[in-house]
Amino acid sequence: GLPIGAFVCSAKTAGVMSAGTHGSTFGGNPVCCAAAIATIRYHLQHTLAQTAREKGDWFVKELRRRFSSNPRVAEVRGRGLMVGVELVQDAAGAPSPELARHVRADCRDNDVLIGVGGLYGNVLRIQPPLVISEEQLGQVVDAVAKSLS
């Protein structure tokens with residue numbers, strides 16, 4: 001990739017800054033700036049935020065449908081295409097980091113890359129690229145389901 005840094009602040013905060021008071025390791029490189037502008041244009045032209053919201057809604061609903069009766073899945077939550085699947089040991093709800101690590105490894109063996117996180121390390125973190133197809137999202141659901149069966 002091409003590194004670039006940016007920040008956003010309120011007008012009040014910006015008002016106390018003068019030229020040179022904020023620096024960035026990755027600021028000002030013309031090639032990286034051109035790549036960032038091209039990326040922003042692509043996002044806007046292809047309405048990736050809206051698409052991520054729509055695909056994410058479908059993805060979360062499909063995961064919830066597939067795992068609604070699985071006692072090892074405590075919750076499926078997400079925003080857009082950032083999705084978490086919380087895994088537990090049993091109906092009592094004790095976190096299961098072991099199961100999360102198993103599912104991650106099993107999915108990797110089936111060509112699906114997911115992460116594991118959460119306070120107890122028991123949440124599958126699924127963050128596919130914004131350009132993923134619905135068919136590919138279905139493959140992710142199938143891989144996770146296969147691992148949890």
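For clarity, every value in this text was computed on a predicted model and none was experimentally measured.
Taken from CZ in R125 to CG in L113, the straight-line distance is 13.0 Å, to the nearest 0.5 Å. For the atom pair CD (E62) and CD (E134), the distance works out to 9.0 Å, reported to the nearest 0.5 Å. Distance check: Y42 OH to L48 CG gives 6.0 Å after rounding to the nearest 0.5 Å. Note: K12 NZ to S10 OG = 7.5 Å, rounded to the nearest 0.5 Å. In this structure, CZ on R104 lies 8.0 Å from CD1 on I114, to the nearest 0.5 angstrom. Rounded to the nearest 0.5 angstrom, N122 CG and L87 CG are separated by 6.5 Å.
Here the side chain of S147 pairs no donor or acceptor atom with the backbone of A143 at under 3.5 angstrom. R72 places a side-chain N or O within donor-acceptor distance of the main-chain N or O of Q89, the cut-off being under 3.5 Å. Put simply, the side chain of Q136 gets close to the backbone of S133: a donor and an acceptor are under 3.5 Å apart. Judged purely by atom type and a 3.5 angstrom limit, N110 has no side-chain atom pairing as donor or acceptor with the backbone of V112.
With a 4.5 Å cut-off on side-chain heavy atoms, V140 and L63 do not count as touching. Residues V85 and V123 have side chains not in contact (no heavy-atom distance under 4.5 Å, counting atoms from C-beta outward).
V88 and V76 fall into different hydrophobic clusters, where Ile, Leu, Val, Met, Phe, Trp and Tyr are joined by side-chain heavy atoms under 4.5 Å apart, directly or via other members. Both L137 and V131 are members of a single hydrophobic cluster when ILVMFWY side chains are connected at heavy-atom separations under 4.5 Å. Linking Ile, Leu, Val, Met, Phe, Trp and Tyr whenever their side-chain heavy atoms come within less than 4.5 Å puts W58 and F67 in one cluster. V144 and M82 fall into different hydrophobic clusters, where Ile, Leu, Val, Met, Phe, Trp and Tyr residues are linked whenever their side-chain heavy atoms come under 4.5 Å apart, directly or through other members.
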Fill in: Check against side-chain contact (heavy atoms from CB on, under 4.5 Å), I132 and L81
CA-CA 10 Å; I132 193 168; L81 283 169; 4.1 Å; yes
Worksheet item: Can N29 and I4 be said to form a side-chain contact (heavy atoms from CB on, under 4.5 Å), step by step?
Response: CA-CA 8 Å; N29 180 310; I4 190 165; over 6 Å; no
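Using a cut-off of 4.0 Å between Lys/Arg side-chain N and Asp/Glu carboxylate O, D142 and R66 are scored as salt-bridged. Salt-bridge formation is detected for the pair E86/R77: a Lys NZ or Arg NE/NH1/NH2 atom is positioned less than 4.0 Å from an Asp or Glu carboxylate oxygen.
When only modelled atom types and interatomic distance are considered, E54 and T51 share no side-chain donor-acceptor pair under 3.5 Å.
Counting all heavy atoms, side chain and backbone alike, G121 lies closest to A100 at O-CB, 3.6 Å. Considering all non-hydrogen atoms of both residues, V83 and G80 come closest at CG2-O, 4.1 Å.
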